[in-house]
Every structure is written in C-alpha cells, then in structure tokens.
Amino acid sequence: MRIKLFVITATLLFSMGVEAKLAGKNVIMVHGFISEHLNTRPTSAEQASQASNYWKDYWASRSEGYLTYPSHERVQGRIKDSMKSQFQELQRNGKCASGCVFVTHSTGDLVLRDALTRFGQWGIDKNKVKVLSVIDLAGAGGGTELADLAVSTASTRGPVTGIVRAIAGAVLSVNFTPERLGVLNDLRVGTARSIARQNNVYPRLRVAGAGDQFLRITKGIIRGYDDSVVGMHSSCGSKYVGTVESCSSSVRSNGQIASARGPGTLLHNHYPIVMGNSADHEELRNNKKSGGALTTVVNNRTIGGINIDFATNTKRRSWSWFKKVREINGSSNKSVSANVYDTLNR
Amino acid sequence: MSRSVWVILATLIVIASSTLWLLFSDKKTITKPAVTSNGDTEVLVDINYLASKNNSIKKKQKENELDKDDEFDPYENELIKAQLQQVGALYAESIKYPITSQPILSAQDVRDYRPFEESEVDLPFPESDDEDKPIRVVAATNSFQYFQGDVVSIRVQIQNAPASKFIQVKAVISGATGELPSQIDFRPSSESLTQFNAEFDTRLVPASLLSDEMLVKLAVKIDGRTLNTTVVFKVAIASAQIVGIQQVQPQGPNLVIPVQINVYQNGYYFMNAILQDAVSGKPLIQLQAERRLNRGNGIIELKAHIAALRQQGAEGPYLLRSLNIHKGAEENEQFDAPGSSTQPQFFIQGFPFSAYENERHVDELAEERLDFLNGVGGVDENEIPEQDPLQGAE
C-alpha cells in the first residue's frame with residue numbers, strides 16, 4: 001500500500017513540472033534562421049532535432065511543439081511546403097483545437113506570416129487550428145539589411161573587403177556562395193516586405209530590442225536602432241522601412257519619456273508591446289538577462305474607467321540627465337522571455 | 001413685576017445671548033490685537049478654537065485617505081498587462097469589421113510606394129574599422145515587381161564620396177540561368193554628380209533568360225576602389241489579368257464588387273484593393289478576397305461591409321484602385337505568381353446606406369482571440385497590489 005502511494009505521488013510530482021502552456025493554451029514555437037542548414041541541408045527529422053535545440057534555453061520546457069523549416073530553402077518554396085504539412089498535422093492531431101499561442105524568433109516571424117495567409121489555399125479549417133495570438137521575438141518579417149549585405153557579397157565578382165566579410169560572416173555565419181543562401185534571399189528588406197502583404201486576422205505581439213551583440217559592427221548597416229541582426233523597423237512591425245529608433249513615438253527604447261522616431265504605420269494587427277534597449281537578438285529568445293530594464297509602448301491611459309498612472313514605474317535617472325524613464329518593475333532581474341511569459345501566464 | 005422677576009429674566013437673557021454668541025463665533029477667526037509691555041502689538045489667537053479647528057481638519061484628511069485607499073490602481077505595477085489591455089482595445093475595434101473590409105484610418109497607412117523606395121539597398125563601404133563616414137552606395141530599381149515587356153529603371157546614388165573624384169558605375173543583370181551577356185553603363189544624372197541612372201529593357205532579352213527573380217549586380221569604381229552591391233527585382237509573366245468590374249450592388253450588408261479576371265493559370269488567387277471616395281479622394285476601405293480559379297474567365301468578389309462604409313460616412317460613388325492579384329505558389333513551386341490589371345482604377349457606383357441590411361459583423365474566432373488578449377492583460381481588481389519593499393530606495 002505504501003509503495004503504491006509512493007508511485008502515485010511520484011508520478012503526480014513528475015507530471016507537475018513546468019507546464020508547456022501559456023495562460024492555459026498550448027504554445028507552438030517557430031525558430032529563426034539556422035545557418036548550419038545552408039551547408040548541411042538537413043532532413044525533416046534533423047530539422048526537428050535542431051528546432052528543439054534552438055529553444056532549449058527557455059522556451060523548450062514551456063512549449064507543446066515546434067514548427068520547423070529548412071533555412072536553405074525559400075519562404076514561398078519548400079519552406080511553405082514544409083509549413084503546409086505541419087499545419088495539416090496540427091489539424092489532424094487537434095493540438096490547436098482549443099487554441100494555440102505561437103512564439104516566433106527572427107525569421108520565424110516571416111515564415112509564419114506567409115504560412116498563416118495560406119490557410120484558405122491549403123484547406124486548413126481555422127476552427128480546428130485556432131491561432132489565438134503570435135508573440136514575435138526580434139521579428140525579421142521586415143527583412144534585415146544584413147541579408148542585403150550577405151547576398152550582395154556572395155553574388156558579386158569584386159573583391160570583398162575584410163570588414164564586410166567579417167560583418168556578414170560573423171553575424172550570419174554564412175559562406176559566400178550565392179546558390180547556397182537559401183532563406184537569406186528572402187530576408188533582403190525589399191523581398192521580405194513583398195511576401196504575404198494581405199491583412200491578417202491574428203494579433204502579432206511584437207518584442208523588440210536595441211542591444212549590441214557584435215561590438216556594434218552592424219550599427220552602421222541596419223537603418224535606425226537594431227538588436228545587432230534585425231532593425232526596429234522590422235521588429236516593431238513597421239509597414240515601411242525607415243530610421244526607426246523606437247516602437248513608440250513618445251517613449252524611447254530606453255524608456256525615456258520623450259519624443260522618438262517611431263514607426264509611422266504598423267502592419268495590420270501588429271502590436272509592439274515590450275522594448276529592451278540592452279536586449280540583443282539572441283537575448284530576446286534565450287534565458288539570459290539583457291543587462292537592462294524593459295519598457296512598454298503604452299503611456300498613461302484609462303482602462304475600464306480607471307485612470308492608469310504609471311507614476312511608480314516612472315523614475316528620474318541620472319544617466320538620462322534626470323529625465324523621466326519608464327521601466328517595467330523588476331524586468332532587469334530576469335530575461336526578456338521570462339518577463340513576457342511570466343506576465344502573460346498569470 | 002417684582003424686582004426678583006426682573007433679575008431672573010435678565011439672567012436668562014444673558015445666558016441665551018452667551019450661548020448664541022458661542023455657537024456663531026466658531027466660524028470667525030478669534031484674534032484681537034494686544035499691546036505688549038514694550039509697546040509692540042501682538043495678535044492673540046484663541047487656543048481652544050484652533051484646537052477644535054485642527055481636529056476637524058484632521059478628521060477630514062483621514063476620511064479622504066480612506067477614500068483614496070478604496071480607489072487603488074490595479075495596473076500600478078503591471079505595465080505589460082496594461083499594454084496588453086491596450087492591444088485588446090485596438091483589436092476589439094479591428095474585429096468590428098471583416099478582415100476583408102477594413103476601414104482606413106489614415107491615408108498614410110495605405111500609401112503606395114514611392115519610385116525607387118521598395119527595392120532600395122543602402123550599404124556602407126568602410127575602409128577602416130573606425131571610419132566615421134564611410135562611402136555609401138544607395139541603389140534601387142523604380143519598382144519591385146515587373147512583367148515581361150516592362151522597362152526597369154535603375155538608380156545609383158553615392159553618398160560621402162571624396163570630392164572631385166571620378167566615379168564610374170556599371171552593372172550586369174543576372175537571373176537563375178546566369179548573367180545576361182550585355183553590360184549596362186550608367187550615365188550621370190543631370191540632378192547630381194553622385195547620382196547615376198540606367199535602364200534595362202526586358203523586351204531586348206530572350207524570355208528564356210528572364211527568371212522570376214533577377215539581380216542587378218553593380219560595380220562602382222571610385223578613388224581606386226571597386227564597390228559591389230546588388231539590387232533584386234522580380235519579373236513575371238502575369239498569372240491572371242484584371243479586366244473589368246461587373247455590376248456592383250448591395251447584397252445583404254455588403255457592397256459586392258465582382259472583379260472580372262482573365263485567368264491564365266489554374267490556382268488559388270489572392271486579391272486586394274483600395275476603395276476610395278471618388279469625389280474627395282479619401283481612401284476608405286482596404287478590401288481583400290481569395291478563392292480558387294480555373295483557367296479562363298473568373299470572378300473574385302470584393303465586399304465592402306456596411307459597418308465599414310458607415311464608419312467612413314461614404315455612400316459613394318467610389319474608385320477602386322491599387323488592385324493587386326497573385327496566385328499562391330502551389331506545392332513544389334518556388335514563388336507566388338503575380339497578376340496584372342488593364343487599368344489602374346475602376347469607377348464604382350454608390351448606394352445609400354438604406355439599401356443595405358444593417359447586419360452587425362460577428363466573428364466568433366476573432367472574439368476568442370479577443371477573450372485571450374483580455375485574459376492575459378487582465379488583473380484581479382480586488383487584489384490590492386503588494387508594495388515593493390525596495391520601491392523608493394533608489
């Protein structure tokens with residue numbers, strides 16, 4: 001009898017690990033660009049294993065599954081074919097019948113945006129695959145100038161300067177072979193923005209960063225502020241390319257309450273929610289603290305008749321020449337992903 | 001009356017007068033000047049009056065504080081949740097209208113790309129690690145998507161070029177089958193010595209050498225250096241062509257606009273367009289629709305919902321402009337296939353709002369998404385937030 005009780009208790013305890021849900025809904029992850037694919041050209045099984053590895057730092061234990069795709073292929077080509085079969089499987093297995101939250105990083109933003117426009121084309125029943133929301137971490141749906149650099153470097157005969165090669169090579173880990181650039185071709189700014197232009201029904205919650213990962217070598221290449229790989233013109237969800245330095249025109253990326261270069265127009269149903277001035281491209285998906293506080297795009301407003309005044313979250317900072325700075329309390333004590341997940345999950 | 005009666009009456013009057021004086025004098029400040037021994041004047045204040053006045057003030061303050069505690073702010077330390085509430089409010093507004101018929105809130109939201117904007121590539125070419133203002137090459141084609149038979153205009157701008165240095169710009173065009181045989185020489189622009197223009201006429205190239213995706217491979221020679229960059233553009237044979245609009249009429253809650261299409265390739269088609277007020281020129285509604293079409297004559301119906309028309313206060317007439325159509329790439333196809341239009345815009349007849357059914361748009365799946373947003377953005381308004389012990393410590 002005692003042994004039976006022990007087994008039952010142990011089973012319950014092990015099953016009460018971190019829930020692979022967010023606010024009670026299944027979470028499906030869509031990874032970003034995996035540069036190894038350009039050389040290894042992996043099979044579907046190998047892609048699945050790499051997808052799990054991509055998210056292992058934080059989200060893997062909080063998700064119900066992954067959508068994978070071959071980074072050596074094109075978004076409207078074999079990538080969309082891969083997405084089609086995976087969404088058909090989701091329809092079959094019912095994992096999203098009660099609603100799923102999708103979480104993307106980087107190129108995953110563009111890949112998922114294209115796939116979600118094709119449900120009608122693929123005969124996917126939206127009542128059987130319910131997409132409740134998409135959280136886009138460092139979304140590259142608007143492309144990146146680094147892809148322009150990589151493709152240009154690979155495609156032209158001229159000499160490649162050491163600096164240019166260092167930038168493209170270090171940041172993107174690519175060889176300069178034009179026919180082996182795969183999805184990087186789709187990440188060129190003009191090309192990315194030509195993909196899946198229709199208005200979409202799914203709320204896209206954008207999380208953007210302006211941190212530095214590569215000793216600032218990308219800062220002169222990407223327009224506006226960037227997280228070292230993707231510019232804020234993309235990660236905030238701006239409809240047009242521009243010198244975007246914040247997701248808001250009245251809150252700067254460091255939280256300063258001051259006018260800022262924000263996106264003039266956002267893509268339909270794209271909503272920037274959090275900015276991290278110190279958060280770089282990788283820190284927006286892993287579990288590392290970004291080394292700075294996060295801020296939101298919202299200002300004081302009325303919710304349900306209550307006047308919301310974030311006075312306790314707005315402090316004067318010496319580094320800001322004692323100007324007011326709005327910070328998410330305690331946000332510098334944990335990673336960006338933890339901030340987002342913990343808030344949405346309670 | 002006897003003397004004793006007069007004394008009693010007088011005493012009663014004095015008592016009554018004193019009582020009345022005490023009652024009404026509470027509202028007045030009791031001060032009177034006094035002369036001190038050294039001749040200065042001082043204002044004397046009644047201590048008892050002050051004490052009672054202070055007590056009543058303290059009582060009022062306490063009552064106010066109690067009221068304030070009742071009005072606590074549940075979002076005080078919940079910035080992200082407040083942000084999500086805002087998202088919910090915006091989404092709630094958006095789902096009042098079908099996704100196929102979204103009111104345009106600002107003309108800027110639907111502006112067409114300016115020439116050379118869509119395809120622009122702007123890259124720096126530093127010579128050293130710490131170069132402050134490197135040469136930049138900004139290159140673009142006047143559009144991004146072309147059809148066979150179009151002429152592609154190419155523009156190259158050199159920024160931060162050293163003064164008085166000769167600049168030469170050349171390019172080759174390449175596609176999936178390799179580079180085209182002829183080189184393109186650029187001519188300096190009349191507007192600026194650092195801007196160069198050229199054209200590429202797709203009619204002069206065998207169709208077999210054109211592919212869906214083409215590259216302009218640029219070589220800019222300046223000050224002994226050769227700077228290389230590329231611009232991508234697309235060339236297609238139209239998968240379908242919009243040729244006209246059939247009879248437009250209100251059906252139920254929608255203004256139905258049947259768009260006539262010559263379909264060249266079987267497939268699943270996506271269409272979008274802007275409905276604009278024909279008189280004021282104000283863009284009103286973003287319309288979109290999709291369906292499978294077979295080769296031959298086809299119709300795609302764009303539907304402007306009455307809720308969106310009312311929101312814009314526009315009964316017509318209208319113009320239908322910025323029409324786009326493309327065939328979605330099927331399995332094993334590499335790219336979506338764009339279509340074209342015989343006209344940039346079409347005139348659309350208007351109807352009074354009374355001609356439509358006033359049916360509210362309801363999308364249950366969208367309501368589920370809204371519930372989710374409100375759920376993750378909600379706080380327990382009855383839960384008093386814990387005070388952060390470190391708050392105010394900095």
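For the numbers below, each heavy atom of this structure counts, side chains included, while hydrogens, waters and symmetry mates do not. In what follows, chains carry the letters A, B, and so on, assigned in the order in which the sequence lines appear, proteins first and then strands, with residues in each chain numbered from 1.
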Exercise. Closest approach of A:Asn339 and B:Ile80, non-hydrogen atoms and distance?
Worked result: O-CD1, 4.1 Å

Exercise. Which is it for A:Arg188 and B:Glu213 under the salt bridge (charged side-chain N to carboxylate O under 4.0 Å, His left out) test, yes or no, and what are the steps along the way?
Worked result: CA-CA 13 Å; A:Arg188 298 193 69 159; B:Glu213 197 170 68; over 6 Å; no

Problem set entry | Test item: B:Phe335 and A:Arg74 side chains (from C-beta on) under 4.5 Å apart, heavy atoms | yes

Exercise. What part of B:Asn332 gets closer than 4.5 Å to chain A, counting heavy atoms only: side chain, backbone, both or neither?
Worked result: both

Seminar exercise, completed: Okay, B:Tyr113 and chain A: the region with an atom under 4.5 Å from a heavy atom over there is side chain

For this session: Only pairs at least two apart or in different chains count here, so list each salt bridge (charged side-chain N to carboxylate O under 4.0 Å, His left out) that has a residue in residues 94-103 of chain B.
Result: B:Glu93-B:Lys96

Problem set entry | Segment of B:Ser94 engaging chain A (4.5 angstrom heavy-atom cut-off) | side chain

Seminar exercise, completed: Whatever's closer than 4.5 Å to a heavy atom in chain A on B:Tyr91 counts as both

For this session: Applying side chain to side chain contact (heavy atoms under 4.5 Å, CB included) between A:Gln121 and each of B:Arg291, B:Arg292, B:Glu290, report the one that passes.
Result: B:Arg292

N/O donor to acceptor pairs below 3.5 angstrom from side-chain atoms of residues 125-135 of chain A, sequence neighbours left out:
from	atom 1	to	atom 2	distance (Å)
A:Asp125	OD1	A:Asn127	N	2.9
A:Lys130	NZ	B:Glu368	OE1	3.4
A:Lys130	NZ	B:Glu368	OE2	2.8

For this session: Using non-hydrogen atoms and a 4.5 Å limit, figure out which bit of B:Glu331 sits close to chain A: side chain, backbone, both or neither.
Result: both

Problem set entry | Which atoms of B:Glu118 approach chain A - backbone, side chain, both or neither, heavy atom under 4.5 Å | both

Seminar exercise, completed: If one checks every heavy atom of B:Phe372 against chain A at 4.5 Å, the contacting part turns out to be side chain

Exercise. Within the distance-only criterion (no hydrogens, no angle test), does the side chain of A:Ser152 pair as donor or acceptor with the backbone N or O of B:Thr230 below 3.5 angstrom?
Worked result: yes

For this session: Check whether B:Glu330 gets within reach of chain A through its side chain, its backbone, both or neither, counting any heavy atom under 4.5 Å.
Result: both

Exercise. Can B:Arg111 be said to sit on top of A:Tyr240's aromatic six-ring, NZ or CZ under 6.0 Å from centre and within 45° of the ring axis?
Worked result: yes

